Each structure stands twice: as structure tokens, then as C-alpha cells.
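Reckoned from all heavy atoms, side chains included, excluding hydrogens, waters and symmetry mates. All values reported here derive from a predicted model rather than from experimental measurement. Residue numbers start at 1 and run along the sequence shown.
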Amino acid sequence: MTGPEAELRFTDELRIFLGPRYRDGPVLVNCDGTSTLGHVIESLGVPLPEVGDLTIDAEPVTAASRLAGGHVAEVAAVGRPQPLPEARFVLDVHLGTLARRLRLTGVDAAYANDRDDDTLITEANAEGRVLLTQDRGLLRRRKLWMGAYVRGADPDDQLGDVLDRFAPPLAPWTRCTACNGMLAPARKADVERTLLPGTRRSYHDFARCAACGRVYWRGAHSARLASIVDRAARIVANRVP
């Protein structure tokens with residue numbers, strides 16, 4: 001038997017999470033008198049970490065509010081830039097390239113390709129890191145303190161989305177792209193035994209990761225990496241007041 005209905009209106013940014021039949025207009029849902037607004041939103045496919053301001057009949061409410069027949073609920077996307085206590089992230093196993101690009105720009109980005117969901121949540125909670133993922137089910141885990149859905153299939157688009165959303169402080173060329181450790185200047189004499197002959201002849205300025213010992217220099221790929229860094233700086237600058 002069909003009960004009283006309420007109407008949910010989702011902002012355009014959230015429609016990517018809705019099923020095809022719900023993407024073109026308001027969504028009508030049956031009210032059972034017990035389900036919270038947050039539960040209804042997630043049952044339609046929208047993770048709560050992606051949701052911002054909520055209203056029912058133009059009055060501000062929370063995800064714990066309940067819908068009744070005739071209600072009209074407005075569901076906004078989380079505001080950008082989204083403030084954080086500290087710009088620290090952990091990425092799921094499918095976002096390795098994004099992790100390396102975040103590190104290139106100096107953003108603290110933990111990543112390992114063997115972490116399961118429970119380990120990711122534990123690390124995010126223990127270290128105050130935002131969990132970046134494209135797994136909507138992971139974002140719905142109640143134990144997770146904060147997560148964010150990464151938009152885009154291309155790493156450039158993913159990086160742009162994360163920087164646009166959080167506008168973290170950037171410090172390019174200061175982190176190891178392999179392990180996230182901090183880089184420090186290194187004398188050529190101290191690292192040359194690890195270099196190929198051509199590198200020893202051609203380059204003189206080096207940095208070394210304090211955590212894993214990896215050596216860095218501005219080599220043949222530096223122009224491409226510099227373009228990534230420059231674009232990242234422009235995105236953040238456009239978000240910072």
C-alpha cells in the first residue's frame with residue numbers, strides 16, 4: 001500500500017549519484033514515519049559526506065530529521081572549498097596516480113595498494129585523514145569520520161576535483177611521490193653512487209627522501225610535472241579568498 005509522499009530536490013552536483021529514473025527532476029518517496037532524511041538520501045544512492053545544507057519546507061534541518069507526507073526537502077551538495085582541521089588525506093587502492101600527483105604538489109597523501117576498507121577507515125580516523133575514494137559504499141560506512149567522493153576518471157580531472165573541493169595549502173616538490181615522505185636537499189657527492197652515468201654528468205641539484213632514501217632531480221620529465229604543479233596552483237588560487 002502506498003503511503004504519504006514527500007518530495008526531494010537534489011542539486012545538480014548530486015544527480016550523478018541518483019539512478020537514471022531520478023536524475024531529471026524531483027524525487028517522490030514514500031514516508032514510513034521512521035526513516036530519517038539521511039537514510040532516505042543514502043537509499044537513493046547519495047553518500048552523506050557529499051551532502052551539504054538540508055531544508056524541509058525551506059527550514060534548515062539535519063540528516064536526522066524525519067520526512068512527513070507533503071514535505072519538500074532540498075538537498076544541496078557540500079560547499080566548496082570545504083574547510084578541514086588539517087589537509088591530510090588517505091586514498092583507496094584505485095587512486096594511486098592521484099596520490100602521486102597530490103604528493104607532487106606537496107599535499108600529505110597516504111596510499112598503499114594493499115589496504116582493505118577496514119584498514120583505510122582505521123587510518124583515516126586515527127590520523128585525521130579524509131578518505132578519498134570512488135566507492136560509494138565505503139563513504140556510507142558509519143565508522144568513517146570523513147570521506148569524499150573523487151569525481152573523474154582521468155587523474156588530471158581527479159586532482160582538479162580534490163584541489164577545487166578542499167583548496168589545501170600547496171608545497172610543490174617537497175614530498176616523495178613514492179612514499180609521501182619529506183624531501184631534503186642532498187649533495188651530489190652523497191647520492192652519486194646511486195645515479196646512472198648520464199645523470200651524474202647532466203645534473204647537479206638533488207633532493208632525497210628522508211623516509212625511503214629515494215633521490216630526485218629535475219630530469220627529462222620535469223616540464224610535464226611542472227605543468228601539473230602550475231595547474232594545481234591555479235585551481236587552489238581560484239578557491240582561496
Side-chain angles (χ1 to χ4, degrees), residues 8 10-19 22 35-54 61-65 73 75-170 175 180 232 235-236 239:
L8 274 70
F10 290 89
T11 190
D12 288 344
E13 294 93 330
L14 297 178
R15 292 188 179 277
I16 62 169
F17 299 111
L18 298 172
Y22 294 133
S35 296
T36 65
L37 177 57
H39 175 81
V40 173
I41 290 170
E42 287 202 319
S43 72
L44 293 168
V46 181
L48 284 183
E50 299 304 300
V51 172
D53 292 338
L54 297 168
V61 297
T62 70
S65 302
V75 185
V78 67
R80 296 188 177 211
Q82 183 177 356
L84 295 174
E86 191 173 0
R88 309 181 76 212
F89 303 93
V90 58
L91 291 80
D92 78 13
V93 297
H94 303 292
L95 297 175
T97 301
L98 173 60
R100 291 188 289 274
R101 294 195 178 191
L102 285 169
R103 293 167 178 174
L104 174 67
T105 67
V107 175
D108 187 348
Y111 170 82
N113 62 9
D114 59 353
R115 289 189 175 112
D116 60 23
D117 290 354
D118 289 336
T119 301
L120 288 168
I121 291 172
T122 297
E123 183 173 4
N125 293 347
E127 299 182 10
R129 296 180 180 273
V130 179
L131 175 55
L132 301 179
T133 182
Q134 293 186 324
D135 183 343
R136 287 186 279 179
L138 189 52
L139 291 177
R140 295 175 65 177
R141 297 280 291 271
R142 294 287 181 251
K143 292 187 296 183
L144 178 63
W145 86 283
M146 184 179 288
Y149 183 86
V150 177
R151 290 162 171 78
D154 181 84
D156 286 335
D157 295 335
Q158 294 171 353
L159 179 63
D161 179 60
V162 173
L163 298 180
D164 180 75
R165 176 164 177 170
F166 295 105
L170 303 184
R175 285 190 181 273
N180 200 41
I235 292 171
V236 172
R239 274 299 183 189

Distance-minimising heavy-atom pair for [X] and [Y]:
X: Asn180; Y: Ala110; value: ND2-N, 4.0 Å
X: Phe17; Y: Glu50; value: CZ-CG, 3.8 Å
X: Arg115; Y: Glu123; value: NE-OE1, 2.9 Å
X: Ala99; Y: Ala109; value: O-CB, 4.1 Å

**OP:** Test side-chain contact (heavy atoms from CB on, under 4.5 Å) on Leu54 and Val75 and set out the steps.
**Re:** CA-CA 5 Å; Leu54 297 168; Val75 185; 3.8 Å; yes
Flag, side chain of [X] to backbone of [Y], donor-acceptor distance under 3.5 Å:
X: Gln134; Y: Gly152; result: yes
X: Asn125; Y: Trp145; result: yes
X: Arg129; Y: Arg88; result: no
X: Thr11; Y: Leu14; result: no
X: Tyr111; Y: Val93; result: yes
X: Arg239; Y: Arg165; result: no

Original post:
Looking at Phe10 versus Tyr22, is the centre-to-centre ring distance below 6.0 Å?
Top reply: no
Decide yes or no for [X] and [Y]: does some side-chain heavy atom of the first lie under 4.5 Å from some side-chain heavy atom of the second?
X: Gln82; Y: Met146; value: yes
X: Leu138; Y: Ile121; value: yes
X: Val90; Y: Glu127; value: no

Original post:
Is the number of heavy atoms from other residues, nucleotides or ligands under 6.0 Å of Asp157 CG greater than 12?
Top reply: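 Counting other residues, nucleotides and ligands, CG of Asp157 exceeds 12 neighbours.
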As an exercise, state the distance from [atom1] of [X] to [atom2] of [Y], rounded to the nearest 0.5 Å.
X: Leu163; Y: Arg80; atom1: CG; atom2: CZ; result: 10.5 Å
X: Asn113; Y: His94; atom1: CG; atom2: NE2; result: 11.0 Å
X: Asp53; Y: Thr62; atom1: CG; atom2: OG1; result: 12.0 Å
X: Arg140; Y: Ser43; atom1: CZ; atom2: OG; result: 7.5 Å
X: Leu144; Y: Leu48; atom1: CG; atom2: CG; result: 11.5 Å

**OP:** Check Val162, Thr97, Leu95 against Leu102 for a side chain to side chain contact (heavy atoms under 4.5 Å, CB included) and give me the one that passes.
**Re:** Val162
Original post:
Can you name the one residue among Asp108, Leu131, Val107 that meets side chain to side chain contact (heavy atoms under 4.5 Å, CB included) with Phe89?
Top reply: Val107
Subject >> Residues in side chain to side chain donor-acceptor pair (under 3.5 Å) contact with Asp156, at least two apart in sequence or another chain >> reply: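 If we apply the side chain to side chain donor-acceptor pair (under 3.5 Å) test to Asp156, skipping adjacent residues, the hits are Arg101.
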Original post:
Which residues satisfy the side chain to side chain donor-acceptor pair (under 3.5 Å) test with Asp116, sequence neighbours excluded?
Top reply: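 Residues passing side chain to side chain donor-acceptor pair (under 3.5 Å) with Asp116: Thr119.
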**OP:** Check the pair Asp117, Asp135 against side-chain contact (heavy atoms from CB on, under 4.5 Å), reporting the backbone distance first and the verdict last.
**Re:** CA-CA 10 Å; Asp117 290 354; Asp135 183 343; 4.2 Å; yes
**OP:** Apply side-chain contact (heavy atoms from CB on, under 4.5 Å) to Glu13 and Val78, showing your working.
**Re:** CA-CA 9 Å; Glu13 294 93 330; Val78 67; over 6 Å; no
